[in-house]
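What you see is a predicted model; the values in this text were computed from it and never measured.
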Amino acid sequence: MTKKIEIVDRKVPWQGFQKIDGAATAEEAIQSALLDWNVSPQPLYCAGQMIGGRYGLVRDVDSKTLGFCGDWYRPVQNREAFSFIESLVGEELSFDTVGSVNGGQRVFISTKFNHNWNVNGDDINLYLLLSNSHSGTKSLQVAVTPVRVICQNTLITAFKRAQRTWSMVHSNNLNDKLADARHCLQISARYMNEFRIFGE
C-alpha cells in the first residue's frame with residue numbers, strides 16, 4: 001500500500017499537522033513532520049552561578065529552551081515516543097496524523113483502528129493517540145478517542161473525550177511501561193464492543 005503525506009500546516013519546521021494515509025513507519029512519520037530532533041536537560045545559571053536542581057529542556061537543532069525540569073526528569077525523545085506507539089499499532093491500527101504544537105513543546109501521533117463500530121446505525125471510528133511533552137509540565141499520554149486530530153483544538157478535545165487514557169511521568173523507563181499501555185488498549189476495545197451491544 002502506498003502512503004500519501006499531506007502537509008496541513010507547517011509554518012516552521014517543528015510545528016504543524018500532517019495527514020498520513022496508508023502504511024507508514026514511526027521513522028517515516030518523524031521525518032515527514034520534521035520532528036527528527038532531541039531535547040536534553042541543560043544547567044540554568046543566574047548571575048554566573050548555576051541554579052541547583054533546575055534545568056532547561058533544550059532542543060538540539062536550534063538550542064531553544066522548550067521548558068524547565070528538575071534533576072529527576074528523564075526526557076522521552078520523539079523517536080522513542082513514536083517507536084513506542086508503533087509497537088502498539090500492529091495490524092489493527094494504521095498511522096493517521098502527526099505533528100507538534102507550541103513551537104515543539106508538545107508532539108503527537110495518532111493512529112486509526114482499521115475496524116469501526118456501528119452504534120444505532122452510526123459508524124464510530126476510534127483513534128489511538130499519543131502526546132509527548134517537552135515543556136517539563138505534562139506527562140506522556142496515550143488515549144483511545146473517537147476524535148480525529150487535525151488541529152490544536154481537536155488535539156485537546158481528543159483527550160477530553162477519550163474512552164480510556166494511560167499516562168507516564170518523565171521519570172520512568174518507557175519500554176518498561178509497554179505492557180501497561182497494551183492493557184489499556186485492550187480494555188478500550190472491549191469497552192467499545194460492550195458500548196455497541198448496549199446501543200443495539
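A donor and an acceptor atom, one from each side chain of R148 and T154, are nowhere located under 3.5 Å apart.
Considering all non-hydrogen atoms of both residues, G104 and W37 come closest at O-CH2, 3.5 Å. Closest approach of A81 and L130 over heavy atoms only: O-CD1, 3.8 Å. Nearest approach of Y127 to P146, heavy atoms of both residues: CE1-O, 3.9 Å. Heavy-atom minimum distance, L140 versus H170: N-CE1, 3.4 Å. A pairwise comparison of heavy atoms in S83 and A26 identifies N-CB, 4.0 Å as the closest pair.
The main-chain N or O of V147 is found under 3.5 Å from a side-chain atom of T145 such that the two form a donor-acceptor pair. A side-chain donor-acceptor contact under 3.5 Å links Q105 to the backbone of L66. With hydrogens and angles disregarded, no donor-acceptor distance shorter than 3.5 Å links the side chain of S139 to the backbone of Q141. When atom types are taken as modelled, the side chain of T111 and the backbone of L128 share a donor-acceptor pair closer than 3.5 angstrom. Side-chain atoms of D60 come within 3.5 Å of backbone atoms of N38 as a donor-acceptor pair (strictly under, hydrogens ignored).
In this structure, N102 and Q152 have side chains that are in contact, with non-hydrogen atoms separated by less than 4.5 Å. When side chains are defined from C-beta on, I51 does not count as touching Y45, because their heavy atoms never get closer than 4.5 Å.
In summary, the aromatic rings of F159 and W166 are positioned with their centroids too far apart to meet the 6.0 Å limit.
Rounding to the nearest 0.5 Å places OG of S171 at 6.0 Å from CH2 of W72. Separating the CD atom in Q77 from the CG atom in D36 is a distance of 10.5 Å, to the nearest 0.5 Å.
Between R74 and E80, at least one side-chain N (NZ, or NE/NH1/NH2) sits under 4.0 Å from a carboxylate O, which counts as a salt bridge.
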